[in-house]
Number of protein chains: 2
Amino acid sequence: MILRSHVEWALHCCAILAGLPEGKYLSTKALAEFHGLPKEYLSKALQALSQADLVDTTLGPTGGYRLAKPTSDITVLDIVEAVEGKARTFECTNIRAANPCRPAGFCDAGPCAVARVMWAADEAWRSSLRNVRLSDLVATVADDVPQDVWKSTGAWIARRAG
Amino acid sequence: MILRSHVEWALHCCAILAGLPEGKYLSTKALAEFHGLPKEYLSKALQALSQADLVDTTLGPTGGYRLAKPTSDITVLDIVEAVEGKARTFECTNIRAANPCRPAGFCDAGPCAVARVMWAADEAWRSSLRNVRLSDLVATVADDVPQDVWKSTGAWIARRAG
DNA sequence: ATATTAAGGATAATTTATATCCGTATGAAT
DNA sequence: ATTCATACGGATATAAATTATCCTTAATAT
Ligand code: FES
Ligand code: FES
């Protein structure tokens, strides 16, 4: 099992959009260049963010993306689920139903105990991601990145914004 | 992202092996029949359990699998990692390195903040699975299944054990 | 000897992930 | 008005992972 690369892309793009000057937009082209990613494919991840209402978009020469809400109102889980879907990572195919010792027509009262354990772990994973806001993430990144790089990155974004 | 079906198979097989009479083995064929699974493919999952030293095996007409340890010494995580691997579910491709504002030869001090958040969630998932022992799981299943079905299932296992 | 089993290698089919291409509608600048 | 750059979505292509089967080998019980 492995998460799609879109998750890494979407999270980094949101972190960049967080540094965008008020009211401006940043294009797919700029985001792809910045991260060294294939523009057309990155576009699919950004479309997913748009469909999840995490970002606003506009068309035309100065068009692109910007965050639709304050960074403190967006969680990492919001972003992950936007590109990866909300479906559980464990899928029960109900193999217990094949038990030859069951009476004919036997009907289970609820989900299998195995599935419940796996789903609880899935929820722990989601809960962990839900507890980190985009604002927290950006603050951590800002802490990690040397000040001069951080500053010139902000300038780069402002320069490419439309 | 979705876990492989082997996870569901391996967990259910371990739960069945937990009901095996002392010293006996249960074959792939019996486990496949019981769960309605393709024998040859299920065999791959069981081999993974064997390689992780969670089960003992023996050859020959009375051969098959049995648990290698007490059920309280095996966690759900042990089983999941045996078939799914221990690799993290989030893979960082270090896209931050493409940032055009970095000075040439810039070297990161540690893993990216985005990766750290994703890895923490991964660990929360694993921790949740690690906190459930096979003995706990079996107890829950026993609670779920009607007593008569539980009993006849135990008899079925004993009958097929060699 | 014979039958049955786990183990593992080879191979194929199916599904998912990755990636590119192109047409359309929209908005900004001239 | 015209032109250009953009998001969006559909279609298609390629690569990789998952699912599945087949077959050979070595071990073991009867
Ligand atoms: S039947 Fe699907 S997890 Fe038990
Ligand atoms: S560079 Fe990989 S998660 Fe940030």
Side-chain angles (χ1 to χ4, degrees), chain A residues 1-10 13 17 23-33 35-68 82-85 87 89-91 93 95 160-162, chain B residues 1-10 13 17 23-33 35-68 82-85 87 89-91 93 95 160-162:
Chain A
M1 179 190 72
I2 192 79
L3 290 166
R4 292 190 295 157
S5 56
H6 278 181
V7 170
E8 185 181 9
W9 300 2
C13 284
L17 292 179
K24 299 272 193 162
Y25 294 86
L26 196 61
S27 70
T28 306
K29 193 176 170 209
L31 285 165
E33 273 179 41
H35 294 114
L37 301 173
K39 179 170 93 76
E40 302 283 356
Y41 192 31
L42 171 63
S43 167
K44 304 296 182 186
L46 297 173
Q47 282 173 38
L49 294 178
S50 171
Q51 279 159 13
D53 291 322
L54 298 179
V55 297
D56 288 332
T57 72
T58 188
L59 295 174
T62 62
Y65 297 87
R66 72 179 176 202
L67 295 177
V83 297
E84 195 71 21
T89 57
F90 177 85
E91 204 170 68
T93 62
I95 61 174
R160 298 294 300 264
Chain B
M1 181 191 69
I2 194 78
L3 289 165
R4 290 190 296 155
S5 55
H6 278 182
V7 170
E8 185 181 10
W9 301 1
C13 285
L17 292 179
K24 300 271 194 164
Y25 293 87
L26 196 61
S27 70
T28 307
K29 194 176 171 209
L31 285 165
E33 272 178 43
H35 293 113
L37 301 174
K39 179 170 93 76
E40 302 284 355
Y41 192 30
L42 171 62
S43 167
K44 304 297 182 186
L46 298 173
Q47 283 172 39
L49 294 178
S50 171
Q51 278 160 11
D53 291 321
L54 298 180
V55 296
D56 287 333
T57 72
T58 188
L59 293 173
T62 62
Y65 297 87
R66 72 178 176 201
L67 294 178
V83 298
E84 194 72 19
T89 57
F90 177 85
E91 205 171 66
T93 62
I95 61 173
R160 299 295 301 263

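When reading the values below, keep in mind they use all heavy atoms of this one structure, side chains included, and skip hydrogens, waters and symmetry mates. Lettering of chains follows the sequences in order, A, B, ..., and the numbering in each one begins at 1.
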Margin query: Would the distance check show the side chain of B:Arg160 and the main-chain N or O of B:Lys29 forming a donor-acceptor pair, the cut-off being under 3.5 Å?
Written below: no
Check: Hey, does B:Gly162 reach any base, or is it just sugar-phosphate, or nothing, if we go heavy atoms under 4.0 Å?
Finding: nothing
Notebook entry, point to check: Does the side chain of A:Glu84 come within less than 4.5 Å of A:Arg4's, by heavy atoms?
Noted result: yes
Notebook entry, point to check: With a 4.5 Å heavy-atom cut-off, do A:Thr62 and A:Tyr25 have their side chains touching?
Noted result: no
Considering only [options], which nucleotide approaches the side chain of [X] most closely?
X: A:Thr28; options: D:dT6, D:dA7, C:dA29; answer: D:dA7
X: B:Pro61; options: D:dT19, C:dA19, C:dT4; answer: C:dT4
X: B:Thr62; options: C:dT20, D:dT30, C:dT5; answer: D:dT30

Atom [atom1] of [X] and atom [atom2] of [N]: how far apart are they, to the nearest Å?
X: A:Glu8; N: C:dA17; atom1: CD; atom2: P; result: 16 Å
X: B:Lys39; N: D:dC23; atom1: NZ; atom2: C1'; result: 12 Å
X: A:Asp56; N: C:dT26; atom1: CG; atom2: P; result: 18 Å
X: B:Arg66; N: C:dA6; atom1: CZ; atom2: C1'; result: 14 Å
X: A:Tyr25; N: D:dA7; atom1: OH; atom2: C1'; result: 12 Å
X: B:Leu37; N: D:dT19; atom1: CG; atom2: C1'; result: 12 Å
X: B:His6; N: C:dT15; atom1: NE2; atom2: P; result: 16 Å
X: A:Tyr41; N: C:dA17; atom1: OH; atom2: P; result: 8 Å

Checklist line | B:Leu26 side, atom CG; B:Arg66 side, atom CZ - distance, nearest 0.5 Å | finding: 12.5 Å
Expected list for residues 44-58 of chain A: side-chain donor-acceptor pairs under 3.5 angstrom, two or more places apart:
{"from": "A:Gln47", "atom 1": "NE2", "to": "A:Ser43", "atom 2": "OG", "distance (Å)": "3.0"}

Note to self: Need to verify one output field. Residue with the more 5' nearest nucleotide on DNA chain C, A:Pro38 or A:Gly63?
What the structure shows: A:Pro38
Notebook entry, point to check: Does C:dT18 have OP1 or OP2 sitting under 4.0 Å from an N or O in the side chain of A:Ser5?
Noted result: yes
Checklist line | A:Thr58 vs C:dT26: side-chain N/O to OP1/OP2 distance below 4.0 Å | finding: no
Next item on the list: Dump the intermediate steps for side chain to side chain contact (heavy atoms under 4.5 Å, CB included) on A:Leu37 and A:Ser5, then the final yes or no.
Entry: CA-CA 11 Å; A:Leu37 301 173; A:Ser5 56; over 6 Å; no
Would you list the protein and nucleotides 7-10 of chain C atom pairs, both N or O, that sit under 3.5 Å from each other?
{"from": "C:dA7", "atom 1": "OP1", "to": "B:Ser50", "atom 2": "OG", "distance (Å)": "2.9"}
{"from": "C:dA7", "atom 1": "OP1", "to": "B:Thr57", "atom 2": "OG1", "distance (Å)": "3.4"}
{"from": "C:dA7", "atom 1": "OP2", "to": "B:Tyr65", "atom 2": "OH", "distance (Å)": "2.4"}
{"from": "C:dG8", "atom 1": "OP2", "to": "B:Gln51", "atom 2": "NE2", "distance (Å)": "2.9"}
{"from": "C:dG8", "atom 1": "N7", "to": "B:Gln47", "atom 2": "NE2", "distance (Å)": "3.3"}
{"from": "C:dG9", "atom 1": "O6", "to": "B:Lys44", "atom 2": "NZ", "distance (Å)": "2.7"}

Item checked: Plane angle bin for A:Trp9 and A:Tyr41 - parallel if under 30°, tilted between 30 and 60°, otherwise perpendicular -> perpendicular
